[in-house]
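Written below as structure tokens is the structure these notes are about.
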Amino acid sequence: MAITKKSVDLTTDLGFLKLRNPVLAASGTFGYGLEFEPYLDLEKLGGFVVKGLYYEPREGNPPPRLVETASGLINAIGLQGIGVEAFSEKVLPKLRRLKTAVIVNVCGADDDEYAAVVEYLDKQEGIAAYELNISCPNVKAEGLCPALSPRTTFDLVKRIKAASRRPLITKLSPNVTSIVEIAKAAEEAGTDAIALVNTFLAMALDLETRRPKLRNVFGGLSGPAIKPIALRMVYQVASRVRVPVIGMGGIMTGADALEFLVAGAAAVEVGTVNFIDPDAAVRIVAEIESWCEAHGVAAVREVVGTIKVF
Amino acid sequence: MAITKKSVDLTTDLGFLKLRNPVLAASGTFGYGLEFEPYLDLEKLGGFVVKGLYYEPREGNPPPRLVETASGLINAIGLQGIGVEAFSEKVLPKLRRLKTAVIVNVCGADDDEYAAVVEYLDKQEGIAAYELNISCPNVKAEGLCPALSPRTTFDLVKRIKAASRRPLITKLSPNVTSIVEIAKAAEEAGTDAIALVNTFLAMALDLETRRPKLRNVFGGLSGPAIKPIALRMVYQVASRVRVPVIGMGGIMTGADALEFLVAGAAAVEVGTVNFIDPDAAVRIVAEIESWCEAHGVAAVREVVGTIKVF
Amino acid sequence: MTIDRNARLREIRNWDDYFHLAIDAPEIGREARPGQFVMVKVADGPSPLLRRPLSIHDAGASGIELFFKVAGLGTEILSRKKPGDPLDLIGPLGKGFTVTNGMKGKRAFCVGGGRGIAPIYFLARELGARGLQTNIFYGGRRLVDIPLRDKFEKAGIELLCSTDNGSFGFGGLVTELVGLELAKTKPDVLYACGPEAMMKVLASLAAKHRVPAEFSLESVMGCGIGACWGCVHRIKNESGDGWTKICEEGPVFPGERILWP
Amino acid sequence: MTIDRNARLREIRNWDDYFHLAIDAPEIGREARPGQFVMVKVADGPSPLLRRPLSIHDAGASGIELFFKVAGLGTEILSRKKPGDPLDLIGPLGKGFTVTNGMKGKRAFCVGGGRGIAPIYFLARELGARGLQTNIFYGGRRLVDIPLRDKFEKAGIELLCSTDNGSFGFGGLVTELVGLELAKTKPDVLYACGPEAMMKVLASLAAKHRVPAEFSLESVMGCGIGACWGCVHRIKNESGDGWTKICEEGPVFPGERILWP
Ligand SMILES: Cc1cc2nc3c(=O)[nH]c(=O)nc-3n(C[C@H](O)[C@H](O)[C@H](O)COP(=O)(O)OP(=O)(O)OC[C@H]3O[C@@H](n4cnc5c(N)ncnc54)[C@H](O)[C@@H]3O)c2cc1C
Ligand SMILES: Cc1cc2nc3c(=O)[nH]c(=O)nc-3n(C[C@H](O)[C@H](O)[C@H](O)COP(=O)(O)OP(=O)(O)OC[C@H]3O[C@@H](n4cnc5c(N)ncnc54)[C@H](O)[C@@H]3O)c2cc1C
Ligand SMILES: Cc1cc2nc3c(=O)[nH]c(=O)nc-3n(C[C@H](O)[C@H](O)[C@H](O)COP(=O)(O)O)c2cc1C
Ligand SMILES: Cc1cc2nc3c(=O)[nH]c(=O)nc-3n(C[C@H](O)[C@H](O)[C@H](O)COP(=O)(O)O)c2cc1C
Ligand code: FES
Ligand code: FES
């Protein structure tokens, strides 16, 4: 009898959405997906979240928009984007043919705009879920966003959930005193899942010119530097809410991703690493698979939330 | 005529305290100062803040207490220490003879203990100021500490300021939604200065055992990884309060320190870097001096708050 | 566009802070066009985190060459690589200079300022091969800033050099030298790469003399593949003046479409 | 205790994952006592951030030797250093094994498990020089885990080796081998360094046979100089059983003071 390589079951069920595997590419770091077609097979991903979308096209912030820091990246893109109309007409038709979950990151300058985006997109096919981006630090002054207060989180999530025909993932900001409180507000308001973390409000200075290195002064910190804080928040939230948690922040390897799963995330998103290795997301899927194989784990979902706290 | 090297004036006046230069060693990273005597001249520092002191001796947390992360260090020492009595009898007499500012980092399990520490230390000589540590994330469950709310900050600062005969520096936590709100509460309560940031609540997992790498589960993240967030907070606070701000978080070089000064800090503390290079604090003083010299800056205080925001 | 994780450093040379790398990377070498670039991974760990964009200085069947000036940590690490060391490259990326077959017999001015000479060498070779006449301008602050003089000479490409301090060639800015030549000869096209200030002056010179011109822009790049929206520059499009990703639509743009800051 | 930023790697050897470094560091070399350690800076940048503690494997007027097993990123980077490379060391740190002049003619058992052999070599040389009789035990999982056999032999130091899998010497745990020898000969003192599980068994063996024993403990170290309170272990003190900094009061402690987890 031939020895057959035991294959690992990587499927991930968020309840409202079944994924081929638990690895999604994170919003704003994966373009509209198509940019990555030369480098990887999009259908090998669990799915991807497209760049944050406002109703209207948006200019974004003036450059410089990026600055590297120790093990991190600060960005102040400011959600430059093409708007729902161009997205639906030019991009979505190309995404629709892909056998992978396409999630749209929904933005708004105010609650009405969020609602308008969802209303417009609800009429389009080929979207697996919305990720409500209530946490972008790069748009309003000094990082202000709905995810900073349980009240504004609750109100917005409630309104969008009621307005939309699709599952709703609410993406939280780490720039808060109690991430659990915000997560609970989103849960109470009816979100189907919680994604965290978005970037940390940060800045960098050029000593010679004494000016901020980002034209926008403030930006959002991502990458390996933030992983220990992100992992802490994912663990705190996952052990306190019933809806699935999608964890992210500094994931570079399959081992990093597995740590988030062990801490309680049902799935993960990978962001900054896509810039460094455009094929990173599929590598991470493969690394998760190998680890499971090597550790006799038949299905990756068995790992979720298995953290042992002494 | 001989060309004389122009010497830079590094003196730093916090109002309530004059320092030889703007570089202090940060609490918990410099022991009681004496540990560093083999490696540097303590009198070349602006001063140092001794390890957090409770009224009674404290056990601290069980090990492992430290874990390295990308450009960062998570610690969960849990404020092990010898208590005010042993400090006053065994350590302070040795510190008293030093011509440098000795600042005591004051801790408490509750408001009464903070008050008791200050009351006891008020009777001792040789202390330049108190640094009220209302922000240690390693003591109570999941990082709870007074600095997480403006109310508890205000109450505690007010009480300790009234109880103490010495200048009071209040050390804030970065684990909050609005650092400015907390800083203002401390200012209103009468603090003489604000120090920030303490460490970020974080965790790390060992994938093989699926256990937290720290026995305490949570710990505080310090080091270069946090610098961009710390710098942002220092800038936000310095531009909003009138009392002097002492900035810290990931400072490794004179250039890092100068960035905090440019962002508005009147002085800086250096922490984790002391572990890597026990003589780092004096190196940083020298690097600040050289930079000032090279840039025609006659007095380092001229640099403070000179950030240009487009 | 490939990720070549098996690229290998064949040779490294340097003049002062300027480094020249010859790299075995056949697939990228075969595809590359002048003005395109590669994203180079400089370290395995997270420090520095991002890849670094470098123009393709020359290319052929066996691989590519790079030419760079040490600017910071990333290029410093790269400068310490040894022959035989593995390299991890993505490329060729972006759209290069417009070079078409119909240009035979025409005259091109090519201007490289400092490290901006990097893509000009490949371009000059290509233009020569296509039968254009070229005037190549190479400017630097001091003599040490124009180290590739010999290399051009060996390739039989004539140079017009300038140094700001007059230590070699024309004394003054390279833009002044180009201005003088423009007054004498009107080329059919002008290509340039270098500091933005230099290119801005060249753009207005070219406009004044009604010479179509192309410029290779620089910007901090997060990804090089159009995914991060970090590398934008103001470019005139059909739809107005937007922030345009230079890694994808550039880094080379026609002068008249560039809005200089 | 000095920071030696001018230390220099003289020689590097390896067997599999085990590395031996000879380092020019005269000041540290002259001061060092067996059981002390150095904090080694492995990288210039922030990755990895902290120094790594390594026992002094041997020392003399010209410098020190280190012996380590690659365990992760830090030791991996260290293993790639080349002769001539600069090193940045702090040391000698901590309190070593107790070795006094009055011990002449006495018998010592020294036990090294795996990489724990590192300080045992220096100790064995020192004990020999002071006229003690020594039985040196060297245990590893497999033959490849006891690579220093030749080195001891060349120094004229006899070894009792064990491998868990029986591929060389005694087949079984080194603690079993020590137990058998203890049944035959009672030494005046026992010293050990190795995995905590090994030392724990040795501590109870030593107690049973009423042999005074010293153990070199390990712990994650933030600073190595007593400043971070990271490296604590439960140790009995006059004032009770406290968390004690092993970098400062240790890493070597008498068996009866150690509270094993
Ligand atoms: C398409 C493209 C092609 C390039 N080709 C070459 C080339 O062939 N030869 C060459 O020497 N250089 C070239 N550059 C510039 C080169 O990418 C930067 O010098 C390099 O990334 C700096 O990295 P570093 O880590 O050494 O310095 P860092 O420490 O990252 O930066 C040093 C200084 O350079 C600035 N800087 C960083 N990245 C860039 C950037 N991408 N563009 C402009 N300034 C930057 C920083 O703000 C800082 O002031 C090119 C840039 C682009 C966008
Ligand atoms: C006083 C002292 C002397 C030592 N002497 C030697 C020696 O002579 N030879 C030798 O090979 N090793 C020695 N060690 C252990 C050595 O310090 C670690 O193996 C090394 O720090 C691991 O660093 P790394 O970056 O390679 O691995 P990391 O990636 O940091 O860690 C790899 C694994 O080792 C664990 N680890 C990390 N640091 C330590 C530590 N200090 N002690 C125990 N486990 C650790 C980690 O938790 C992780 O599981 C000594 C340790 C101490 C405290
Ligand atoms: C350049 C850039 C752009 C981003 N844009 C968005 C966005 O449009 N919407 C969003 O919700 N998050 C955005 N993010 C945040 C990421 O999706 C992710 O939450 C964050 O980067 C942390 O993950 P990482 O450390 O793996 O990058 C962006 C991040 C980066 C680096
Ligand atoms: C091991 C360790 C122990 C610390 N102990 C204290 C303490 O007792 N009191 C305190 O206010 N801060 C303490 N801190 C926080 C530092 O003083 C400082 O705020 C923080 O480390 C950020 O600075 P850095 O990045 O330069 O280390 C400690 C930090 C570390 C790493
Ligand atoms: S560099 Fe990322 S979009 Fe151009
Ligand atoms: S390693 Fe820092 S106190 Fe021991």
Side-chain angles (χ1 to χ4, degrees), chain A residues 62 67 69-74 142-143 148-149 173-178 180 182 200-212 215-219 221 223-236 250 252 255-256 258-260 262-263 291 295 303 306-310, chain B residues 62 67 69-74 142-143 148-149 173-178 180 182 200-212 215-219 221 223-236 250 252 255-256 258-260 262-263 291 295 303 306-310:
Chain A
V67 52
T69 63
S71 300
L73 170 68
I74 318 183
E142 299 189 35
L148 297 190
S149 125
S173 164
N175 302 304
V176 296
T177 310
S178 168
V180 170
I182 311 285
F200 288 75
L201 192 65
M203 75 184 281
L205 259 177
D206 183 288
L207 185 56
E208 295 310 308
T209 62
R210 302 195 197 172
R211 287 189 197 280
R215 188 63 180 74
N216 189 51
V217 183
F218 301 106
L221 182 67
I226 67 167
K227 192 188 123 193
I229 319 180
L231 187 66
R232 179 266 293 182
M233 291 185 168
V234 167
Y235 169 63
Q236 287 182 309
M252 303 295 278
D256 292 336
L258 282 157
E259 286 173 32
F260 278 86
V262 168
W291 187 90
H295 289 75
V303 164
T306 54
I307 181 172
K308 291 178 231 165
V309 178
F310 302 102
Chain B
V67 51
T69 63
S71 299
L73 169 68
I74 318 181
E142 299 188 34
L148 296 191
S149 126
S173 165
N175 301 304
V176 296
T177 310
S178 169
V180 170
I182 311 285
F200 288 75
L201 192 64
M203 73 183 282
L205 258 177
D206 183 287
L207 185 55
E208 296 309 310
T209 62
R210 302 195 197 171
R211 289 190 194 279
R215 188 62 180 73
N216 190 52
V217 182
F218 300 108
L221 182 67
I226 68 168
K227 192 189 125 193
I229 319 179
L231 187 66
R232 180 266 292 183
M233 290 185 169
V234 166
Y235 168 63
Q236 287 182 309
M252 303 295 279
D256 292 336
L258 282 157
E259 285 174 33
F260 278 85
V262 167
W291 187 90
H295 289 76
V303 165
T306 54
I307 181 171
K308 291 178 231 166
V309 177
F310 302 101

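In what follows, chains are A, B, ... by sequence order, proteins preceding strands, each numbered from 1. Here the structure is a predicted model, which is why all the values come from computation and not from measurement.
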Notebook entry, point to check: Between Phe200(B) and Arg232(A), is a side-chain contact (heavy atoms from CB on, under 4.5 Å) present by the stated rule, with each step listed?
Noted result: CA-CA 10 Å; Phe200(B) 288 75; Arg232(A) 179 266 293 182; 5.9 Å; no
Please look at [X] and chain A and tell me whether the side chain, the backbone, both or neither of the residue comes under 4.5 angstrom of a heavy atom of that chain.
X	value
Val303(B)	both
Leu221(B)	side chain
Ala255(B)	both
Ala230(B)	neither

Contact winner vs chain A - [options], heavy-atom pairs under 4.5 Å:
options	value
Pro224(B), Ala225(B), Gly72(B)	Ala225(B)
His295(B), Arg215(B), Lys227(B), Met233(B)	Arg215(B)
Thr69(B), Ile307(B), Val309(B), Leu258(B)	Ile307(B)

Next item on the list: Give, as side chain, backbone, both or neither, the part of Ser173(A) having an atom under 4.5 angstrom from any heavy atom of chain B.
Entry: neither
Notebook entry, point to check: Side chain, backbone, both or neither: which part of Thr306(A) has a heavy atom under 4.5 Å from chain B?
Noted result: both
Nearest atoms (heavy-atom pairs only) where [X] meets [Y]:
X	Y	value
Pro212(A)	Lys308(B)	CD-O, 3.1 Å
Ile74(A)	Pro228(B)	CD1-CB, 3.7 Å
Leu207(B)	Glu259(A)	CD1-N, 4.2 Å
Leu205(B)	Val262(A)	CD1-CG1, 4.0 Å

Next item on the list: Please examine the side chains of Tyr235(B) and Val217(A), heavy atoms only from C-beta on, and report whether any two atoms are closer than 4.5 Å.
Entry: yes
